[in-house]
S.K.: 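Pasting a structure below so you can have a look.
Computed from heavy atoms alone, side chains included, the values below leave out hydrogens, waters and symmetry copies.
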Amino acid sequence: MNILPRIALLAATLAAAASAQSTANLGIFEGAGDVGAPSHKGRVAYDAARKEYRITGGGDNMWGVRDDFFFVWKKIAGDVVITANVKIVSDGAPHRKAGLLIRKDLEPGGVYADAVVHGSGLTGLQWREKADDLTRTVHFPIEGPTRLRLERRRNVVTLFASKDGGPLVEMGSTELAPFSPVYAGLGVCAHDDKAETTAIFSDVTVEVLPPPPPAKK
């Protein structure tokens, strides 16, 4: 009796089951992993009952010309809005970060924009216009926001923030050449390659925006 076809079928079934389980564990997202080469590998745990993501990331920084952090993502064509409650729950470097990201790819020097809260409470909009280029940053006078929103509409990226259950308020925006598809999701960076940072993201939504109406002739 030839058992090789049965073994191959069993392997394929197990692989499909593992893939489905992995996707289920990420909730609304489809992929997760380290960007760059953090010494401490990141991880994510999704609580379906609470609809919370507990994400731990390492990495030296998520800034400059190179990023090292842990990223949970969904690949989307077109414009997008990401919203989440964000809370850093571990001690560490003042500039450890947790936030919402839109990236062109998963390369450490990739084009991106993000809305982040630092461990110190600092709130920022960061973006890299060209691959392996410097990161630009604007900081805003809201300390320790509890909810963030990052919106990309064509070439405009906007940060919204709120604190302690208040309404989301537009903080500021920047221009970034549009690209599609995008990797939209949640990121955590320890800002110390010898350490880890953990953050909890809850009430997370990722909305695909309809295409803009055609220009009038």
Side-chain angles (χ1 to χ4, degrees), residues 25-29 32-36 38-64 66-74 81-103 108 112-127 135 137-151 157 159-169 171-172 183-206:
N25 285 343
L26 295 179
I28 62 174
F29 296 102
D34 289 307
V35 173
S39 295
H40 290 256
K41 302 304 179 184
R43 55 195 180 274
V44 54
Y46 176 60
D47 186 327
R50 295 184 178 182
K51 295 184 178 180
E52 287 185 350
Y53 295 85
R54 186 180 184 92
I55 300 175
T56 298
D60 184 58
N61 208 348
M62 190 165 64
W63 195 69
R66 174 189 172 87
D67 307 313
D68 291 285
F69 70 102
F70 190 76
F71 188 29
V72 181
W73 53 266
K74 181 176 183 178
V81 178
I82 317 168
T83 310
N85 297 329
V86 183
K87 184 178 182 180
I88 296 175
V89 295
S90 62
D91 295 331
H95 289 295
R96 64 197 187 280
K97 302 179 182 79
L100 318 178
L101 297 97
I102 296 170
R103 295 186 68 91
Y112 80 97
D114 68 25
V116 293
V117 58
H118 297 234
S120 64
L122 188 67
T123 307
L125 174 63
Q126 304 181 150
W127 68 99
T135 295
T137 307
V138 177
H139 295 138
F140 301 99
I142 177 171
E143 185 173 340
T146 53
R147 190 161 178 79
L148 295 174
R149 173 175 291 169
L150 186 65
E151 176 180 294
V157 180
L159 163 64
F160 300 80
S162 69
K163 190 172 182 179
D164 300 328
L168 283 161
V169 176
M171 296 284 106
Y183 291 84
L186 315 174
V188 175
C189 174
H191 198 76
D192 178 354
D193 196 47
K194 298 178 181 179
E196 295 181 341
T197 291
T198 299
I200 293 176
F201 298 80
S202 60
D203 195 11
V204 181
T205 61
V206 179

S.K.: If you look at every heavy atom in V44 and A32, which pair is closest and at what distance?
M.R.: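 Of all heavy-atom pairs spanning V44 and A32, the closest is CG1-CB, 4.1 Å.
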
S.K.: Does any N or O in the side chain of H95 come within less than 3.5 Å of the main-chain N or O of S120, such that one atom is a donor and the other an acceptor?
M.R.: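 Absent.
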
S.K.: At their closest point, which heavy atom of R96 faces which heavy atom of I88, and how far apart are they?
M.R.: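 In this case the closest contact between R96 and I88 is NE-CG2, 3.6 Å.
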
S.K.: With no hydrogens and no angle check, is any side-chain donor or acceptor of K163 less than 3.5 Å from a backbone partner on E143?
M.R.: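 Yes; at least one donor-acceptor contact below 3.5 Å.
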
S.K.: Quick one: does D47's side chain have a donor or acceptor within less than 3.5 Å of a partner on A49's backbone?
M.R.: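 Checking the backbone N and O of A49 against the side chain of D47, a donor-acceptor pair under 3.5 Å is found.
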
S.K.: Is the terminal nitrogen or CZ of R103 (NZ for Lys, CZ for Arg) located under 6.0 angstrom from the six-membered ring centre of Y183 and within 45° of that ring's axis?
M.R.: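 Not satisfied by the 6.0 Å and 45° rule.
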
S.K.: Check whether any side-chain N or O of S90 sits under 3.5 Å from a backbone N or O of T198 as a donor-acceptor pair, and report yes or no.
M.R.: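 Yes; at least one donor-acceptor contact below 3.5 Å.
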
S.K.: Where do A161 and L148 come nearest, in terms of heavy atoms and distance?
M.R.: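 Here A161 and L148 meet closest at CB-CD2, 4.0 Å.
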
S.K.: Distance check, rounded to the nearest 0.5 Å: R54 atom CZ versus I200 atom CD1?
M.R.: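 Between atom CZ of R54 and atom CD1 of I200 there are 4.5 Å.
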
S.K.: Kindly indicate whether the side chain of D193, heavy atoms from C-beta on, has any atom under 4.5 Å from the side chain of P38.
M.R.: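 Side-chain contact under 4.5 Å: yes.
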
S.K.: Only one of I82, V81, D114 forms a side chain to side chain contact (heavy atoms under 4.5 Å, CB included) with I102, so which one is it?
M.R.: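 That would be I82; it is the only one of I82, V81, D114 passing the side chain to side chain contact (heavy atoms under 4.5 Å, CB included) with I102.
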
S.K.: Grab the two heavy atoms, one from F201 and one from V188, that are nearest each other, plus how far apart they are.
M.R.: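 Nearest heavy atoms, F201 then V188: CE1-CG2, 3.8 Å.
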
S.K.: Do E52 and K87 meet the salt-bridge criterion of a basic N to acidic O distance under 4.0 Å?
M.R.: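 E52 and K87: not salt-bridged.
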
S.K.: Run the salt-bridge test on R147 and D203 with the 4.0 Å N-O cut-off and return the result as yes or no.
M.R.: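 A salt bridge is present here (some side-chain N lies under 4.0 Å from a carboxylate O).
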
S.K.: How far apart are the closest heavy atoms of P145 and V117, and which atoms are they?
M.R.: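 P145 and V117 have their closest heavy atoms at CD-CG2, 3.7 Å.
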
S.K.: For V204, which of V72, N85, T83, L186 qualifies under side chain to side chain contact (heavy atoms under 4.5 Å, CB included)?
M.R.: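 Result: among V72, N85, T83, L186, L186 is the only option passing the side chain to side chain contact (heavy atoms under 4.5 Å, CB included) with V204.
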
S.K.: How many angstroms lie between atom NE2 of H40 and atom OG1 of T197, to the nearest 0.5 angstrom?
M.R.: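 The distance works out to 10.5 Å.
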
S.K.: Are F29 and Y53 close enough that their ring centers fall under 6.0 Å?
M.R.: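 Yes, ring centres under 6.0 Å apart.
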
S.K.: Could you walk me through whether L159 and T123 pass the side chain to side chain contact (heavy atoms under 4.5 Å, CB included) check?
M.R.: CA-CA 10 Å; L159 163 64; T123 307; 4.2 Å; yes

S.K.: Restricting to non-hydrogen atoms, name the atom on A84 and the atom on L100 that form the minimum distance, rounded to 0.1 Å.
M.R.: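 Scanning both residues completely, I find the closest heavy atoms to be CB-CD2, 3.9 Å.
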
S.K.: Test side chain to side chain contact (heavy atoms under 4.5 Å, CB included) on D60 and R66; report intermediate values, then the result.
M.R.: CA-CA 9 Å; D60 184 58; R66 174 189 172 87; over 6 Å; no

S.K.: Show your reasoning for whether side chain to side chain contact (heavy atoms under 4.5 Å, CB included) applies to T135 and W63.
M.R.: CA-CA 6 Å; T135 295; W63 195 69; 3.4 Å; yes

S.K.: May I ask you to test the K97-Q126 pair for a side-chain heavy-atom distance under 4.5 Å?
M.R.: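 Counting from C-beta outward, K97 and Q126 do come under 4.5 Å.
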
S.K.: Does atom NZ of K41 have more than 12 heavy-atom neighbours from other groups under 6.0 Å away?
M.R.: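 Counting neighbours around NZ of K41, more than 12 heavy atoms of other residues, nucleotides or ligands fall under 6.0 Å, so yes.
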
S.K.: Would you check, one step at a time, whether the test side chain to side chain contact (heavy atoms under 4.5 Å, CB included) holds for V157 with L150?
M.R.: CA-CA 7 Å; V157 180; L150 186 65; 3.6 Å; yes

S.K.: For the atom pair CG (L122) and NE2 (H139), what is the distance rounded to the nearest 0.5 Å?
M.R.: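 So the CG of L122 and the NE2 of H139 are separated by 4.0 Å.
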
